[in-house]
Amino acid sequence: MKITDIKFAMLRVPLKTPFKTALRTVEKVEDVIVIVETDTGHVGYGEAPATAVITGDTHGSIIEAIKTMIKPKLIGEDIEDLNRITHLIQGSIVKNYSAKAAVEIAVYDLFAQRYNTPLYKILGGGEPTISTDITISVDYIDKMVKDSIDAVNRGFETLKIKVGKDIGVDIERVKAIYAAVEGKALLRLDANQGWTAKEAVYALTKLEDAGVRLELVEQPVKGYDLEGMKYITERVHTPVMADESTFGPKEVIDLIKMRAADIINIKLMKTGGISNAIRIADIAETFDVQCMIGCMLETSISVAAAAHLAVAKSHVITKVDLDGPSLCAFDPVVGNVKFNGAEISIENTPGLGIKEIKGLEMLG
Ligand SMILES: C[C@H](N)C(=O)N[C@@H](CCC(=O)O)C(=O)O
Ligand SMILES: [Mg+2]
């Protein structure tokens with residue numbers, strides 16, 4: 001099964017409600033879809049969002065990196081040589097992680113199709129059902145409380161509360177949500193780099209002293225501020241998770257050695273795809289550190305790939321933030337991963353099992 005072509009399309013899906021973080025407000029998913037064709041007629045699909053504020057990637061940079069740097073290296077390569085192909089992808093250009101991720105996802109899809117088995121089985125197998133949290137966008141306190149209660153009523157048992165704005169209001173936001181859903185849902189916070197280290201310690205200590213129990217706090221300070229992450233990790237009881245602070249395996253090793261966080265958020269769009277995500281999970285397992293699998297604003301193509309990985313690495317990927325498809329107004333993809341509220345389940349068809357993507361706009 002040899003790679004003959006790589007084509008591009010756009011997939012646009014409105015969100016149910018605007019997605020608001022400390023970094024940005026978004027109303028629709030607009031992702032680049034990568035279609036890898038082979039001489040046997042098998043097709044692999046990948047996806048990349050343009051999360052410029054986190055990864056630096058734009059639609060233009062994703063398409064250009066693949067067209068001019070990655071694709072020329074892959075034409076004629078045999079899908080059976082998976083490690084050689086992922087090595088070629090990773091070595092084709094520095095950074096550009098979302099572009100690399102989209103191509104790797106399509107290649108892994110094809111590799112699993114080649115062996116006629118679902119991707120998670122090729123990655124090591126596991127119980128094909130996992131449970132995701134749902135994001136509560138940062139907003140007025142009453143709105144966040146209402147959104148949290150609605151999410152609990154829809155069956156979500158873990159809420160990822162976006163904070164990272166005004167520290168005083170953030171404390172009130174979390175207290176109000178906790179009071180509304182206590183005993184019904186676990187709360188994890190994501191400040192998306194919005195606090196300083198001192199603010200984070202102040203806010204988390206206040207919340208801890210008020211009896212608010214949090215599962216974790218994600219990326220309280222700027223991604224580059226590892227000293228700040230360490231400062232917080234040493235001073236609060238709430239476990240600290242690194243998101244924007246870690247992209248690839250080397251950064252994860254450095255962060256773990258520094259003891260700058262307790263948990264790592266693995267996202268395919270930060271690692272450059274599945275091969276480095278596996279490496280990070282293995283490093284974390286070696287150091288006895290737990291991981292979350294996360295996503296950007298992505299549909300059920302790339303989030304499906306992340307779900308397959310989470311199933312296969314569930315002994316170390318113990319937390320799941322794969323709510324991209326649940327945030328979308330509809331699911332345009334018919335594949336083998338089913339997103340049903342908090343439950344994500346995988347059917348027994350080859351690869352990612354993608355049969356149809358509604359509304360694909362092919363690019364020339
Ligand atoms: C969608 C997911 N729950 C999430 O919050 N992902 C990111 C932000 C993604 C974005 O801004 O597109 C995160 O910070 O964890
Ligand atoms: Mg985050």
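Order of listing sets the numbers, starting from 1, for every ligand and every atom in it. Bear in mind that the values here come from a model prediction, so they are computed numbers and not experimental data.
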- State the atoms of ligand 1, each with its element, that fall below the 4.0 Å cut-off from a heavy-atom position in Glu218. 15 (O)
- Note on the Mg ion (ligand 2): protein N/O/S atoms within less than 2.8 Å are Asp190 OD2, Glu218 OE2, Asp243 OD2
- Message: Looking at Lys100 and Glu104, is any side-chain nitrogen of the basic one under 4.0 Å from a carboxylate oxygen of the acidic one?
- Response: no
- Nearest-contact summary for atom 5 (O) of ligand 1 - protein heavy atom, Å: Lys162 NZ, 2.8 Å
- Asn340: side chain to side chain contact (heavy atoms under 4.5 Å, CB included) partners, not counting sequence neighbours: none
- Item | Residue Thr51 vicinity, atoms of ligand 1 by number, heavy atom under 4.0 Å | 12 (O)
- Message: Quick test of your reading of the model: are Lys250 and Asp254 salt-bridged, counting only N-O distances below 4.0 Å?
- Response: yes
- Message: Please list, in number order, the atoms of ligand 1 under 4.0 Å from a heavy atom of Asn192.
- Response: 13 (C), 14 (O)
- How does Asp243 reach ligand 1, by side chain, by backbone, by both or by neither, if only non-hydrogen atoms under 4.0 Å count? side chain
- Message: When you compare the side chains of Thr158 and Glu215, does any donor N or O come within less than 3.5 Å of an acceptor on the partner?
- Response: no
- Donor-acceptor pair, Lys319 side chain versus Gly294 backbone, under 3.5 Å? no
- Message: Closer than 4.0 Å to some heavy atom of Leu297 - which atoms of ligand 1 meet that?
- Response: 12 (O)
- Electrostatic pair Asp133:Arg188 at N-O distance under 4.0 angstrom: yes
- Using salt bridge (Lys or Arg N to Asp or Glu O under 4.0 Å) as the criterion, list what pairs up with Asp282, not counting sequence neighbours. Lys313
- Item | Residues in side chain to side chain contact (heavy atoms under 4.5 Å, CB included) contact with Lys95, at least two apart in sequence or another chain | Tyr97
- Message: At less than 4.0 angstrom from any non-hydrogen atom of Asp323, what atoms of ligand 1 do you find?
- Response: 1 (C), 2 (C), 3 (N)
- Any nitrogen or oxygen of Asp190, main chain or side chain, under 3.5 Å from a nitrogen or oxygen of ligand 1? yes
- Message: Please determine whether any non-hydrogen atom of Cys295 lies less than 4.0 Å from an atom of ligand 1.
- Response: yes
- Relative to atom 13 (C) of ligand 1, which among Lys267, Met296, Met269 owns the nearest non-hydrogen atom? Lys267
- Counting heavy atoms under 4.0 Å, the part of Val26 that contacts ligand 1 is neither
- Determine, considering heavy atoms only, which of Met292, Glu244, Arg24 sits nearest to atom 10 (C) of ligand 1. Arg24
- Query: Measuring from the heavy atoms of Leu23, does anything fall under 4.0 Å of ligand 1?
  - Reply: no
- Item | Shortest protein contact, atom 15 (O) of ligand 1 (heavy atom only) | Lys160 NZ, 2.9 Å
- Message: If the test is salt bridge (charged side-chain N to carboxylate O under 4.0 Å, His left out), which one of Asp323, Asp147, Asp190, Asp243 qualifies with Lys160?
- Response: Asp190
